[in-house]
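Below you'll find the structure, written out as structure tokens, and then a few comments.
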There are 2 protein chains.
Amino acid sequence: MANAKTNKTPPAPEEKATRGRAHVYNLVARYMYRGLMVGAFLPGQVMSLRKLAAALGTSPMPVREVLSRLVAANALEETKGGSVRVPRLTPEKIADLFDVREQLEGNATERAAKSCTKDLITELTAINKSLLQAIEKRDIMNCLSQNQKFHFTLYEASGSDVLMPLIESLWLQFGPTMYMSFLVPSMPWDASSHVKIIEALKAENPGAAKRAMLHDIRRTGQALLNVGGGQSIELPFTRGLELLFDT
Amino acid sequence: MANAKTNKTPPAPEEKATRGRAHVYNLVARYMYRGLMVGAFLPGQVMSLRKLAAALGTSPMPVREVLSRLVAANALEETKGGSVRVPRLTPEKIADLFDVREQLEGNATERAAKSCTKDLITELTAINKSLLQAIEKRDIMNCLSQNQKFHFTLYEASGSDVLMPLIESLWLQFGPTMYMSFLVPSMPWDASSHVKIIEALKAENPGAAKRAMLHDIRRTGQALLNVGGGQSIELPFTRGLELLFDT
DNA sequence: CGACTAAATTATTGATCACATATTGAGATC
DNA sequence: GATCTCAATATGTGATCAATAATTTAGTCG
């Protein structure tokens with residue numbers, strides 16, 4: 001502090017003053033969203049309003065709104081002090097989460113399979129190819145990203161804008177824990193269940209597609225539980241917000 | 001602007017100036033939450049930040065956060081201008097909403113039934129009694145309120161903090177439309193399905209409880225669809241925020 | 001040397017402000 | 001008389017600020 005809070009800059013708009021007024025919110029939102037999905041933020045990590053704002057080069061205002069919405073989506077939880085942090089999942093909660101996942105995503109898969117087009121199959125195949133490449137490179141973040149893309153592309157085809165946000169909320173909740181599950185040897189690095197899903201889609205068999213999806217979800221759930229529910233493994237989440245990604 | 005916006009009151013803290021700094025947010029949140037559940041806000045209604053804040057005697061700030069969270073919960077939607085309004089449901093969306101309701105709330109009911117206590121049955125019976133009284137008086141808002149209380153008390157007993165927020169999101173979505181369904185003659189004003197649910201709980205039969213719940217949900221869904229999906233009926237939502245309720 | 005206390009730092013919260021934009025209304029023109 | 005234009009109004013967004021509350025740190029006492 002020394003002399004002053006150095007916040008004596010109201011009259012001087014500086015250079016980046018009136019920088020693009022094109023919804024800073026969306027930028028921040030996408031950043032946080034992907035960060036949670038891809039493992040940039042880990043369970044237990046506390047999100048500081050000011051620090052996030054500073055790291056993103058904006059005021060606390062838009063960050064505040066984004067974090068608030070993520071709390072509403074149960075992706076983040078508030079501390080008693082009003083701060084928000086990435087929740088640490090208990091094994092019970094993981095089991096619960098994946099039980100509901102099976103219900104909702106099973107439903108979405110069945111619906112999508114019933115109105116499946118050739119284009120969708122082509123797209124899913126392409127995504128799965130990218131996923132395999134990421135697996136090859138042992139690129140965790142890309143694995144998570146492509147895996148998410150695969151699932152959400154499929155679910156989107158269900159045409160349900162009721163299911164989508166709910167599923168999204170679930171993914172935001174277990175997303176941060178997913179990253180850690182890739183760090184244990186028991187995690188199977190493959191995309192075999194995805195292949196089965198695509199095959200069921202090709203065969204125009206919604207029931208089989210649903211079953212394959214349930215299998216995929218259950219397998220992932222088991223892997224997450226084996227990690228220890230995000231309790232045993234404690235990563236030094238030094239890598240903060242610096243590691244950005246494509247806009 | 002003539003002389004001034006009459007907002008020349010920064011130096012005069014008046015009487016209620018430093019009124020309890022105990023989270024204005026929670027007050028506003030509860031107000032909006034109940035308002036949506038109980039029919040104080042109707043489909044199509046636009047929420048103005050400043051007006052809501054003025055009506056609630058606070059600054060736009062906390063209202064902003066609450067509305068933002070409700071958008072995240074799909075209870076409200078944003079217009080292109082950034083305003084938020086209560087969504088108008090299409091028949092397809094209602095059907096979708098109630099399809100997912102059956103899944104999630106059926107699950108919650110089954111779980112709750114498996115760990116059902118005598119206290120729960122007592123509580124549900126009491127709530128249902130209040131519901132019947134509200135029905136007797138043709139008190140729509142109280143009907144909605146007691147009905148919601150009945151369902152959520154039961155679901156809460158499932159012990160799943162994964163299911164609860166999702167179910168809550170669904171209720172916030174069809175809540176405003178529910179009010180209107182009570183205005184058409186085809187709406188059955190009774191609580192018979194609730195009685196069946198309680199009986200199944202007493203009989204310690206989770207399967208029967210689930211079936212009774214599914215029946216209740218399906219019946220409500222049909223009633224909502226018969227209304228016309230919130231399109232045909234257009235209420236003059238004159239009653240605004242004035243009609244408050246207990247804190 | 002450890003634990004408790006108190007001060008200082010840092011945090012979010014609610015309020016106000018400035019700006020850009022969307023909406024509305026009135027007026028003039030065709 | 002209808003429509004187009006432009007001004008006035010209203011609204012959300014991002015930033016700043018004051019105040020409360022929590023956390024941390026340093027200091028002292030046991």
Rounded distance (Å) that lies between atom [atom2] of [N] and atom [atom1] of [X]:
| X | N | atom1 | atom2 | value |
| --- | --- | --- | --- | --- |
| A/Met61 | C/dA18 | CE | C1' | 14 Å |
| A/Leu67 | C/dT13 | CG | C1' | 14 Å |
| B/Arg50 | D/dT9 | CZ | C1' | 11 Å |
| B/His23 | D/dA19 | NE2 | P | 19 Å |
| A/Leu52 | C/dA11 | CG | P | 12 Å |
| A/Leu27 | D/dG14 | CG | C1' | 14 Å |
| B/Leu56 | C/dG14 | CG | P | 13 Å |
| B/Leu49 | C/dG14 | CG | P | 14 Å |

Are A/Arg101 and A/Asp96 close enough for a salt bridge, meaning some N to O gap below 4.0 Å?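 Result for this pair is no, no salt bridge flagged.
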
Contact residues, residues 69-87 of chain B to DNA chain C [heavy atom, < 4.0 Å]: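 Output list: B/Lys80, B/Gly81.
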
Whether the A/Tyr25 and A/Arg69 side chains hold a donor-acceptor pair (N or O, under 3.5 Å, no angle test) is what I'd like checked.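 Side chains of A/Tyr25 and A/Arg69: pair found under 3.5 Å.
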
Looking only at the side chains, is there a donor atom on one of A/Arg111 and A/Asn107 sitting less than 3.5 Å from an acceptor on the other?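 Present: a donor and an acceptor within the cut-off.
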
Tell me whether the OP1 or OP2 atom of C/dT16 has a side-chain N or O from B/Ser59 closer than 4.0 Å.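 Negative; the distance criterion is not met.
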
Would you indicate whether the side-chain heavy atoms of B/Met178 and B/Trp171 approach each other to under 4.5 Å?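 Heavy-atom side-chain distance check fails, nothing below 4.5 Å.
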
Taking only residues two or more places apart in sequence, or in another chain, which ones meet B/Asp161 in a salt bridge (Lys or Arg N to Asp or Glu O under 4.0 Å)?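 By the salt bridge (Lys or Arg N to Asp or Glu O under 4.0 Å) rule, B/Asp161 matches A/Lys93.
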
If you apply the rule side-chain contact (heavy atoms from CB on, under 4.5 Å), what do you find for B/His151 with B/Gln148, and how did you get there? CA-CA 5 Å; B/His151 282 263; B/Gln148 188 228 347; over 6 Å; no

B/Val24 has a side chain; which of D/dT11, D/dG14, C/dG14 sits nearest to it?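 Shortest atom-to-atom distance from the side chain points to C/dG14.
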
Quick check on the 6.0 Å ring-centre criterion: do B/Phe174 and B/Phe98 meet it?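 They qualify: ring centres under 6.0 Å apart.
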
Quiz question: going by heavy-atom distance under 3.5 Å, is there a donor-acceptor pair between the base of D/dG12 and the side chain of B/Arg64?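 No such pair is found, so the answer is no.
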
